[in-house]
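One structure is given here, and the rest of the page talks about it.
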Number of protein chains: 2
Amino acid sequence: MTYNYKFPHPAVTTDVVIFTIDEDSLKVLLVRRGHGPFEDRWALPGGFVEIDEDLESCALRELAEETGVTGVFLEQLYTFGAPQRDPRERVITVAYYALVPIDRLHPRPASDARDVGWFCCDSLPALAFDHADIVRMAQQRLCAKLQYSTIALQFMPGRFTLGELQRVYEIILGEPLDKRNFRKRLRAYDCLVDTGQQRRNGNHRPARLYTVKEPGAVRIVR
Amino acid sequence: MTYNYKFPHPAVTTDVVIFTIDEDSLKVLLVRRGHGPFEDRWALPGGFVEIDEDLESCALRELAEETGVTGVFLEQLYTFGAPQRDPRERVITVAYYALVPIDRLHPRPASDARDVGWFCCDSLPALAFDHADIVRMAQQRLCAKLQYSTIALQFMPGRFTLGELQRVYEIILGEPLDKRNFRKRLRAYDCLVDTGQQRRNGNHRPARLYTVKEPGAVRIVR
DNA sequence: TAGTTTAGTGTGATTAGGACACGAACCCAT
DNA sequence: ATGGGTTCGTGTCCTAATCACACTAAACTA
């Protein structure tokens with residue numbers, strides 16, 4: 001069975017940059033390629049768009065297949081289409097990025113991936129195709145978006161402390177923030193709810209636990 | 001001659017939203033379709049990506065074919081890929097947008113376009129495919145970008161007055177601006193050069209003529 | 001030459017952002 | 001039990017950016 005066209009068609013894929021915060025650093029999910037070009041190299045999870053499948057559905061499907069994560073913030077990043085970016089044939093890829101909370105990581109190797117793992121953004125291995133460019137652009141976008149939206153809340157688990165949230169900002173921005181100004185700013189956003197609960201964690205005063213008021217909603221602020 | 005693949009491939013196009021300012025309004029360039037689905041309907045200029053052609057090259061080529069304009073600000077907008085957006089076959093389109101100056105408009109009907117014309121953004125005719133969505137998103141992006149970059153300078157001809165530039169901002173944003181604050185802001189950007197020349201235009205004091213310091217450069221400001 | 005029209009210019013008020021220090025609560029070790 | 005260590009939680013002042021606002025200048029016309 002082959003599919004015939006009157007003029008040449010490129011293949012189209014989606015790739016997903018899945019970010020999380022783990023062990024005090026920003027990490028991306030990579031899979032080790034089981035075959036094809038760049039065999040054994042690490043690459044972004046992604047794959048071919050099915051002929052009746054929406055682009056975002058494709059990205060969501062692959063995200064679910066790789067990580068079991070659903071219902072996350074998913075945004076189109078950019079479409080990469082340099083003619084020689086795949087040695088097999090012309091492949092145009094629509095890149096998305098997603099943020100998954102610390103507590104919902106269950107990556108397992110999928111069908112055509114030999115292995116799967118989280119890597120610190122600032123010490124990535126050599127990646128397949130132009131995936132290093134894609135990760136770099138996603139990281140820039142994340143950093144920019146952090147400053148004028150509530151996107152960072154997507155990283156947070158069900159309940160969390162303000163200290164933990166501040167740490168997330170600091171890790172992504174790569175610089176320390178002032179505690180009181182940070183809290184003032186978050187209070188102004190009015191997007192957190194005090195659960196009334198506390199977390200004792202070490203030999204110090206316990207911290208209040210908060211939840212996100214509208215999980216999944218990303219507000220533009222400032 | 002046909003092209004055969006082991007699995008179905010979508011077609012890929014680029015479409016370009018070409019903005020200009022004319023007659024005190026924001027306009028987009030549309031072409032009237034000469035055949036195919038939506039025959040005689042107005043649509044964005046665009047077409048199929050050649051198999052060895054970069055995406056942006058494709059958009060630039062079509063922009064040049066339609067308008068004769070080169071060297072303009074061109075930016076990827078979004079990729080639209082709903083399965084049924086084209087009735088013929090699955091077509092994924094990578095949308096770009098471009099800003100062309102008032103004095104460089106030479107649109108002429110191209111090969112597969114029956115007619116070509118400029119339309120006010122706020123009174124568009126019924127468009128082919130999902131092109132109305134594309135225009136809407138491009139307009140949003142333009143509006144947002146205006147506030148934190150020097151993108152609006154791309155609309156300006158070789159020499160222009162500060163009053164004309166302010167009018168461009170007001171047209172896109174849809175609200176009047178304060179003259180003194182506007183000029184203070186532009187002065188802070190430091191992206192204009194006083195030519196020393198003036199323009200007499202009506203029974204009033206003549207206005208100074210400025211040029212853009214680095215034409216083509218779009219700086220992020222604020 | 002008086003009237004009309006747009007060009008060109010600065011200050012003061014308000015608002016937003018950034019720097020900054022200390023008591024509270026808990027744990028642990030003595 | 002008490003003192004030391006650690007993170008939690010809170011408000012004020014100062015600076016910088018933004019916004020509102022009004023008059024004179026230069027040209028043309030009648």
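Hydrogens, waters and symmetry mates are skipped; everything else that's a heavy atom, side chains included, is used. Proteins get letters first, then strands, A, B, ... in listed order; numbering begins at 1 in each.
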Rounded interatomic separation in angstrom, taking OH from B/Tyr148 and C1' from D/dA17: 20 Å
Distance in angstrom units between B/Leu165 CG and C/dA7 C1', rounded: 15 Å
Polar pair under 3.5 Å, donor/acceptor by atom type, side chain B/Arg199, base C/dA7: no
5' priority, DNA chain D, between A/Asn201 and A/Lys184 [closest heavy atom]: A/Asn201
Donor/acceptor link under 3.5 angstrom from A/Arg205 side chain onto base of C/dC26: no
Spacing of B/Lys179 atom NZ relative to D/dC23 atom C1', expressed in whole Å: 11 Å
Nearest listed nucleotide, side chain of A/Asn181, among D/dT10, C/dA19, D/dT7: C/dA19
Among C/dA25, D/dC28, C/dC27, the one nearest B/Arg200 by side-chain distance: D/dC28
Any A/Arg183 side-chain nitrogen or oxygen under 4.0 Å from OP1 or OP2 of D/dG9: yes
Integer-rounded Å distance: D/dT7 P and A/Glu164 CD: 13 Å
Residue closer to the 5' end of DNA chain D, A/Leu209 versus B/His204 (nearest nucleotide): A/Leu209
Nearest-angstrom distance from the residue atom CZ of B/Arg187 to C1' of C/dT9: 8 Å
Distance-only donor-acceptor check, side chains B/Glu75 and B/Tyr97, under 3.5 Å: yes
Sugar-phosphate only, base, or nothing, as touched by B/Asp178 at under 4.0 Å among non-hydrogen atoms: base
Identified side chain to side chain contact (heavy atoms under 4.5 Å, CB included) counterpart of B/Ile18 within the set B/Leu74, B/Leu63, B/Val28: B/Leu63
Residue pair B/Thr79 / A/Thr79, side-chain donor-acceptor N/O under 3.5 Å: yes
Separation of atom CG in A/Asp194 from atom C1' in D/dG9, rounded to whole Å: 12 Å
Nucleotide nearest B/Asn203 when distance is taken to its side chain, options C/dG17, D/dC28, D/dA27: D/dC28
Atom-pair distance (CG on B/Leu186; C1' on C/dG8), nearest Å: 14 Å
A/Phe182 CZ to C/dA16 P, straight-line distance once rounded to whole Å: 20 Å
Heavy-atom donor-acceptor pair, A/Arg180 side-chain to C/dA21 base, under 3.5 Å: yes
Polar contact flag, side-chain donor to acceptor under 3.5 angstrom, B/Arg222-B/Gln147: no
Polar side chain donor-acceptor pair, A/Arg159 to A/Gln197, under 3.5 angstrom: yes
